[in-house]
Colleague: 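After the structure tokens below, expect a handful of questions from me.
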Amino acid sequence: MIPLEHYLLISAALFCIGLYAVFTRRNAIQVLIGIEFMINAAVINFVAFSKYDKAKLGGQVFALFAIVLAAAGVAVALAIILNVYKYYKTIDPGKIDELRD
Amino acid sequence: MDQQFPDITGTFSAVTGGIRYLMPEIALVAAFLLGVIIDLFFSRRFRHAVLICAAAGLGAAAWLTLAAGDDLPADPLFYGMIFSSVFSNVFKLVFYGVALLFLVLCFFNRQLQQHAKGTGDLYNILLVVVLGMSFMSMSINLLMVYLSVEMVSVGSYLMVGYISGNSRQAEASIKYALFGGACSAIMLYGISLIYAFTGTLDLGEIMVRGLENVPSLSSATAITLVLAGIGFKLSFVPVHFWSPDVYEGAPTPVTAFLSTGPKIAGFALLLIFLMTFFVAAEGHRFFDFKNTISVIAIMTMVVGNFSAVWQDNIKRMLAYSSIGHTGFILMGFVSLDHGGFRAMFFYVIVYALMNMAAFMLADYVEQRANAVTATGYAGLGKRFPLAFTIFVVVLISLTGIPPTGGFIGKLLIFSSVWGQYRATHALLPLAMLITGAVTTVISLFYYLKIPLNAWLRSGDTAVTITTKNGLLVYTAFAIMLILLAVGIFPQLITAYLPG
């Protein structure tokens with residue numbers, strides 16, 4: 001039996017890895033992967049802690065919704081990245097900076 | 001067996017009983033489905049069929065909201081998922097109004113109308129975004145909160161990147177999508193932590209009690225993460241970076257919509273979130289929302305207004321000014337009492353009107369004279385006299401000078417915070433009052449740059465031919481009249497406000 005704290009630790013680690021990737025990666029798709037890490041960290045929490053919510057299983061249902069919405073978000077973001085590549089010939093968020101102060 | 005299949009008839013009747021209160025949303029969904037079909041089969045023959053369909057759907061939704069009137073449910077609907085109240089009805093009417101104005105803007109935007117893909121999908125996306133905003137103003141369950149926020153976000157990314165006619169538009173959409181994705185993931189993690197600590201997804205007393213029982217650092221982390229997600233929609237200060245870039249790059253109608261619709265939906269959500277804690281945690285404050293919101297409001301007003309002073313691009317300037325207005329509206333959230341509610345609602349309605357009008361005129365000038373900067377407006381006052389006269393009144397209203405609606409809005413918010421200060425003599429309400437007054441003066445500098453350039457400076461080419469005014473200008477004129485009427489007779493709005 002794996003204690004519940006382990007899930008919390010793993011999800012916290014995943015979340016931090018994801019956040020680090022979002023801030024440091026020089027490629028928009030890798031940033032998306034970082035976002036995906038963060039979403040999945042939350043999903044682990046939901047599934048693990050629905051143990052205490054046996055009547056409604058709200059966490060498990062939420063996890064399903066989160067997975068679907070993440071897929072929808074990524075689909076839109078990938079289409080947008082394609083558009084950006086058409087104009088800039090790069091998908092490095094640091095180099096796409098025509099709009100700034 | 002009984003445990004696996006609980007009372008199905010009871011469940012069914014509970015669900016069907018709630019549908020009665022969801023008629024506006026059902027009208028939106030119907031218009032969306034109809035719009036998709038019309039766009040597929042009839043858009044070649046009737047170019048504006050989808051537009052008419054979307055407008056009809058929004059009109060029907062507004063009418064159904066008004067017709068429902070006082071017929072409000074006593075309990076949350078759909079097993080504690082959404083709660084339809086007087087507040088959400090006011091917000092919904094604002095959303096439908098903003099969306100209708102957005103349709104007007106799209107109709108007159110040449111770039112959108114000449115787009116090869118057509119505009120049908122844009123109107124359909126708009127309906128879904130409005131649906132998400134409706135649910136944002138009604139949700140009392142964290143699943144519903146996340147779903148509605150994502151509905152609005154994903155739809156808005158598509159709206160920003162809809163044309164992608166040049167590199168700037170593409171850049172705006174990728175910045176919005178990446179920043180928005182990261183923020184919603186952060187919010188989701190916050191929600192998962194709240195669920196882990198409390199075992200419930202309902203925004204209610206059980207959740208607040210549960211958060212009180214865990215160490216305050218943990219609960220504060222979870223709440224901060226959720227606030228970051230809501231703050232992305234509101235673009236208040238720590239998470240505001242995206243908004244100037246996105247507002248500048250996006251097509252002007254979309255910018256006008258983003259700076260009003262989803263932002264006001266964010267306010268609705270913040271209201272629900274804060275009310276949960278204010279109602280349930282009366283007496284024992286484990287997380288001091290008042291101070292947090294006060295500090296955020298002050299920072300937002302300062303950053304928004306001071307950054308706007310240096311901008312030359314009109315849309316970018318209006319973006320920073322809308323950040324400033326966000327900070328101002330947040331002041332109304334600090335005193336969530338009778339006066340605070342009314343002030344906040346009044347300001348939100350007036351803000352939606354004047355922001356829409358300002359972007360309409362910016363769009364009009366951009367299309368007719370190809371001017372997008374304040375310096376580029378030089379001498380244009382003689383070319384578009386009516387447009388710039390309206391622009392001046394709208395800017396006066398945005399600054400908050402009588403006799404306009406913006407003045408009454410600022411007055412109401414100031415008096416609610418002043419009441420707060422009189423009651424507590426705390427430092428933060430006083431600091432907010434001072435910041436609000438100072439930034440209002442600052443805002444005068446950048447707002448008046450537009451009439452200064454348009455009327456007093458002469459342009460490169462001495463064009464004195466007046467162009468015929470488009471219908472867009474007359475729409476803005478109507479909004480201007482409303483702003484003036486509200487400024488002189490505030491009861492036109494206050495009579496209908498809840499609180």
Colleague: If we only count heavy atoms from C-beta on, is the A/I80 to B/V160 side-chain gap below 4.5 Å?
Modeller: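 Of all side-chain heavy-atom pairs linking B/V160 with A/I80, none is under 4.5 Å.
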Colleague: Taking every non-hydrogen pair under 4.5 Å, which of A/Y7, A/F46, A/Y52 racks up the most with chain B?
Modeller: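 That would be A/F46.
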Colleague: For B/Y162, is it the side chain, the backbone, both, or neither that has a heavy atom closer than 4.5 Å to a heavy atom of chain A?
Modeller: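 When you check distances to chain A, no heavy atom of B/Y162 falls under 4.5 Å.
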Colleague: Heavy-atom pairs under 4.5 Å with chain A: which of B/S153, B/A177, B/G161, B/G165 has the most?
Modeller: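 Looking at each of B/S153, B/A177, B/G161, B/G165 in turn, B/G165 comes out on top.
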Colleague: Counting only non-hydrogen atoms closer than 4.5 Å, does A/V84 touch chain B with its backbone (N, CA, C, O), its side chain (CB onward), both, or neither?
Modeller: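 A/V84 touches chain B through backbone and side-chain heavy atoms alike.
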Colleague: Quick one: of B/Y157, B/Y146, B/F197, B/Y176, who has the most non-hydrogen atom pairs under 4.5 Å with chain A?
Modeller: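 Ranked by heavy-atom pairs under 4.5 Å with chain A, first place is B/Y146.
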Colleague: Contact part of B/N166 toward chain A, heavy-atom cut-off under 4.5 Å: side chain, backbone, both or neither?
Modeller: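 The answer is the backbone of B/N166.
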Colleague: Surrounding OH of B/Y79 (heavy atoms of other residues, nucleotides or ligands, distance under 6.0 Å), is the total greater than 12?
Modeller: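 Atom OH in B/Y79 is crowded, with more than 12 foreign heavy atoms closer than 6.0 Å.
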Colleague: Go through A/V22 and B/L178 one step at a time and tell me if the side chain to side chain contact (heavy atoms under 4.5 Å, CB included) criterion holds.
Modeller: CA-CA 9 Å; A/V22 168; B/L178 290 183; over 6 Å; no
Colleague: So which part of A/Y88 gets closer than 4.5 Å to some heavy atom of chain B, the side chain, the backbone, both or neither?
Modeller: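 Side chain only.
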Colleague: Is it the backbone or the side chain of A/Y87 that comes under 4.5 Å from a heavy atom of chain B, or both, or neither?
Modeller: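 It is the side chain, since no backbone atom gets that close.
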Colleague: Under a 4.5 Å heavy-atom cut-off, does chain A meet the side chain of B/Q169, its backbone, both or neither?
Modeller: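 Contact with chain A involves no heavy atom of B/Q169 at all.
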Colleague: Does any N or O in the side chain of B/K175 come within less than 3.5 Å of the main-chain N or O of A/L99, such that one atom is a donor and the other an acceptor?
Modeller: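 The answer is yes, because a donor-acceptor pair under 3.5 Å joins these two groups.
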Colleague: Among A/L4, A/N40, A/N83, A/V74, who wins on heavy-atom pairs under 4.5 Å with chain B?
Modeller: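 Highest number of heavy-atom pairs under 4.5 Å: A/N83.
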Colleague: Does atom CD1 of B/I206 have more than 12 heavy-atom neighbours, drawn from other residues, nucleotides or ligands, at distances under 6.0 Å?
Modeller: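 Open.
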Colleague: Find the one option among A/V61, A/I39, A/I81, A/L69 whose heavy-atom pairs under 4.5 Å with chain B are most numerous.
Modeller: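 Of A/V61, A/I39, A/I81, A/L69, A/L69 has the most heavy-atom pairs under 4.5 Å with chain B.
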Colleague: Counting only non-hydrogen atoms closer than 4.5 Å, does B/E171 touch chain A with its backbone (N, CA, C, O), its side chain (CB onward), both, or neither?
Modeller: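 B/E171 touches chain A through backbone and side-chain heavy atoms alike.
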Colleague: Heavy-atom count around B/K117 NZ within 6.0 Å, excluding the residue itself: above 12?
Modeller: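 Yes, because the 6.0 Å sphere around NZ of B/K117 holds more than 12 heavy atoms from other groups.
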Colleague: Measure A/I91 against the heavy atoms of chain B and call it side chain, backbone, both or neither at under 4.5 Å.
Modeller: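 Neither the backbone nor the side chain of A/I91 comes within 4.5 Å of chain B.
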Colleague: Are any of the side-chain heavy atoms of A/N45 and B/I191 separated by less than 4.5 Å?
Modeller: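 No - every pair of side-chain heavy atoms lies 4.5 Å or more apart.
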Colleague: Assign the ring pair B/Y189 / A/F15 to parallel, tilted or perpendicular, where the plane angle (0 to 90°) is split at 30° and 60°.
Modeller: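 Parallel.
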Colleague: Heavy atoms only, distances under 4.5 angstrom: which of B/V154, B/D245, B/T200 has the most pairs with chain A? Name it, please.
Modeller: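 Winner by heavy-atom pair count: B/D245.
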Colleague: CG of B/L193 to CZ of A/F49: how many Å apart, nearest 0.5 Å?
Modeller: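 It comes to 8.5 Å.
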Colleague: Give the minimum heavy-atom separation between B/S192 and A/A42, together with the two atoms involved.
Modeller: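 Taking B/S192 first and A/A42 second, the nearest heavy atoms are CB-O, 3.5 Å.
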Colleague: Which answer fits A/A63, side chain, backbone, both or neither, if we ask what part of it has an atom under 4.5 Å from a heavy atom of chain B?
Modeller: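 For A/A63, no heavy atom lies under 4.5 Å from chain B.
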Colleague: On a heavy-atom basis, which atom in A/M38 and which in B/A185 lie closest, and how many Å separate them?
Modeller: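 For A/M38 and B/A185, the tightest heavy-atom pair comes out as CB-CB, 3.7 Å.
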Colleague: Select one option (side chain, backbone, both, neither) describing which atoms of B/L188 are under 4.5 Å from chain A's heavy atoms.
Modeller: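 For B/L188, the contact with chain A is made by backbone and side chain together.
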